[in-house]
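In what follows, a single structure is set out as structure tokens and then discussed.
Because the structure is predicted, anything quoted here is derived from the model rather than measured. Residue numbers start from 1 in every chain, and the chains themselves are labelled A, B, ... in the order their sequence lines are given, proteins ahead of strands.
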There are 2 protein chains.
Amino acid sequence: MASDHTRSAILAAAERLYADRGFGDVTLRDIVAEAGVNLAAVNYHFGSKDELIAELFVTRSVQTNRERLRELKAAEEEGGGRAPIEVILRALVGPTLRGCLGPENQRSTAARFMIRASIESVPPIRRIKNREIDHLRKFVGAMRRSLPDRSEVDIYWGLNFALAMAHHTIRESERLTKLSEGKCDLDDVEDVVARVVSVATMALTAGRTEPKAPARALARDAR
Amino acid sequence: MASDHTRSAILAAAERLYADRGFGDVTLRDIVAEAGVNLAAVNYHFGSKDELIAELFVTRSVQTNRERLRELKAAEEEGGGRAPIEVILRALVGPTLRGCLGPENQRSTAARFMIRASIESVPPIRRIKNREIDHLRKFVGAMRRSLPDRSEVDIYWGLNFALAMAHHTIRESERLTKLSEGKCDLDDVEDVVARVVSVATMALTAGRTEPKAPARALARDAR
DNA sequence: GATAGTTTCATACAACTGTTTGAATTGCAA
DNA sequence: TTGCAATTCAAACAGTTGTATGAAACTATC
């Protein structure tokens with residue numbers, strides 16, 4: 001293959017348009033116009049519209065997943081096979097939140113695209129998300145090693161709630177800003193991460209003997 | 001107007017089809033075929049496809065909101081203007097969860113429709129959801145009265161996390177079941193409510209003097 | 001039972017969709 | 001330069017979509 005110029009122009013244009021206007025009302029003709037290429041180029045290079053969307057989403061989500069696993073692995077190695085639950089949860093939700101939130105004006109196209117993907121949920125993306133379960137099982141494993149006394153069901157619920165808080169905050173960031181009249185600062189990503197991790201940790205450790213200091217209020221124990 | 005037969009047949013057919021197959025691939029022709037009425041009837045009775053969807057969603061969500069406010073009002077009256085935070089949170093997430101989860105075999109069309117609406121987020125529904133902020137402010141008010149020492153920002157985050165856990169659990173109930181290999185019982189709605197309320201309460205009260213007994217583990221304090 | 005208003009119907013419309021086609025163009029190797 | 005494959009292009013295709021139309025059927029009132 002030659003220079004990939006057309007191919008990457010399509011990818012860039014598609015990501016930008018989907019990020020700005022959503023999957024619902026962006027057509028292939030919009031994309032090729034934005035990219036300055038011919039309509040048939042999409043099917044030539046990607047096979048179909050759905051495969052184009054899938055490639056966009058896969059690219060971004062493997063980046064996030066790789067970062068998650070990198071943090072998880074580093075934490076478990078440092079702890080000799082067992083990482084503190086806070087660190088595991090941070091590895092789980094940190095990369096996702098950092099990838100999607102942050103100062104509005106410098107929020108990348110990729111970030112805005114991933115927010116869209118989490119809001120609209122179109123078939124090709126849903127298919128990919130369904131394969132994410134194996135990835136999550138690695139975190140379940142780490143969490144069980146970290147909290148061996150905790151029941152398996154509680155682990156699943158804790159994981160579910162951690163993901164819930166992260167994803168919902170991303171999806172509804174605009175509404176939270178409006179509801180709180182700007183008082184909730186979603187641009188301070190590390191504060192958001194700390195809040196989510198703090199609550200999820202409490203969910204997973206409440207009612208047990210705590211080897212560590214009691215959980216603090218919402219957030220504040222970020223760094 | 002005569003008997004409303006056509007109108008309600010359309011509503012019922014549309015809700016059923018949307019619940020089963022999603023908004024993405026149900027056309028007006030599918031709906032009128034299922035309802036046994038003429039294609040033009042939709043535009044005659046509802047004006048447009050979007051207005052039909054909006055009417056379906058509004059009907060169900062005002063039911064939920066009414067139930068929420070009923071529980072909230074009852075709780076505050078009983079407490080002389082101040083309700084315990086657990087009860088407020090239960091009023092917030094209980095009706096939603098009860099409306100969407102529950103034993104699969106008896107899960108109503110309305111419930112499955114609302115799950116769809118929370119997954120797919122099509123324009124007419126998004127427009128309605130955006131008007132939900134005033135409704136949420138009533139809960140913010142109640143929460144501030146219940147926890148007068150808590151900062152306003154913490155209240156907003158607590159509300160955000162409570163809604164996050166409820167909605168995400170609804171949206172991803174299938175995935176949680178698969179991930180936990182059926183060990184997380186999503187048919188026991190009251191257990192789910194108790195878990196969400198418990199964690200949200202911890203998020204809102206951690207690190208403070210507690211007039212009540214310390215929060216128990218995940219759930220169990222349901223009723 | 002004639003009339004006026006409402007509701008239903010078959011049908012056409014106009015626009016838009018993703019995809020395909022086959023010819024033109026390009027780039028590179030021999 | 002020649003030849004061949006990869007790429008680009010304009011154009012058309014085939015199908016679907018929500019909506020509009022105007023006539024027909026119905027309903028209730030007088």
Just distance, no hydrogens or angles: give the donor-acceptor pairs under 3.5 Å from side chains in residues 31-42 of chain B, sequence neighbours left out.
| from | atom 1 | to | atom 2 | distance (Å) |
| --- | --- | --- | --- | --- |
| B:E34 | OE2 | B:R16 | NE | 3.0 |
| B:E34 | OE2 | B:R16 | NH2 | 3.4 |
| B:N38 | OD1 | B:A40 | N | 2.9 |

**Prompt:** Any chance the side chains of B:N160 and A:T169 put a donor and an acceptor closer than 3.5 Å?
**Reply:** yes
request  = Check whether any side-chain N or O of B:S146 sits under 3.5 Å from a backbone N or O of B:I85 as a donor-acceptor pair, and report yes or no.
outcome  = yes
B:D4 CG to C:dT7 P, in whole Å, measures 9 Å
Whole-Å distance, B:H5 NE2 to D:dA25 P, equals 20 Å
Separation of D:dT17 atom P from B:I31 atom CD1, nearest Å, is 11 Å
When rounded to whole Å, the CZ to C1' distance for the pair A:R29 and C:dT20 reads 12 Å
Check your understanding: Can you tell me if the side-chain N/O atoms of A:T6 get under 4.0 Å from OP1 or OP2 in D:dT8?
Key -> yes
Expected list for residues 37-54 of chain B near DNA chain D, using heavy atoms below 4.0 Å, is B:L39, B:A40, B:N43, B:S48, B:K49
From CG of A:L28 across to C1' of D:dC13 the rounded distance in Å is 15 Å
Can you tell me if B:S48 and B:E51 form a side-chain donor-acceptor pair at under 3.5 Å? yes
For A:R171 and B:S121, does a side-chain donor sit closer than 3.5 Å to a side-chain acceptor? no
Closest non-hydrogen atoms of A:E120 and B:R126, given as atom of the first, atom of the second and distance, are OE2-NH1, 4.2 Å
Would you call the rings of A:Y18 and A:F23 parallel, tilted or perpendicular, where under 30° means parallel and over 60° means perpendicular? tilted
Between B:T96 and B:L92, the two heavy atoms sitting closest are OG1-O, 3.8 Å
So, with a heavy-atom separation below 4.0 Å from DNA chain D, the residues of residues 17-26 of chain B are none
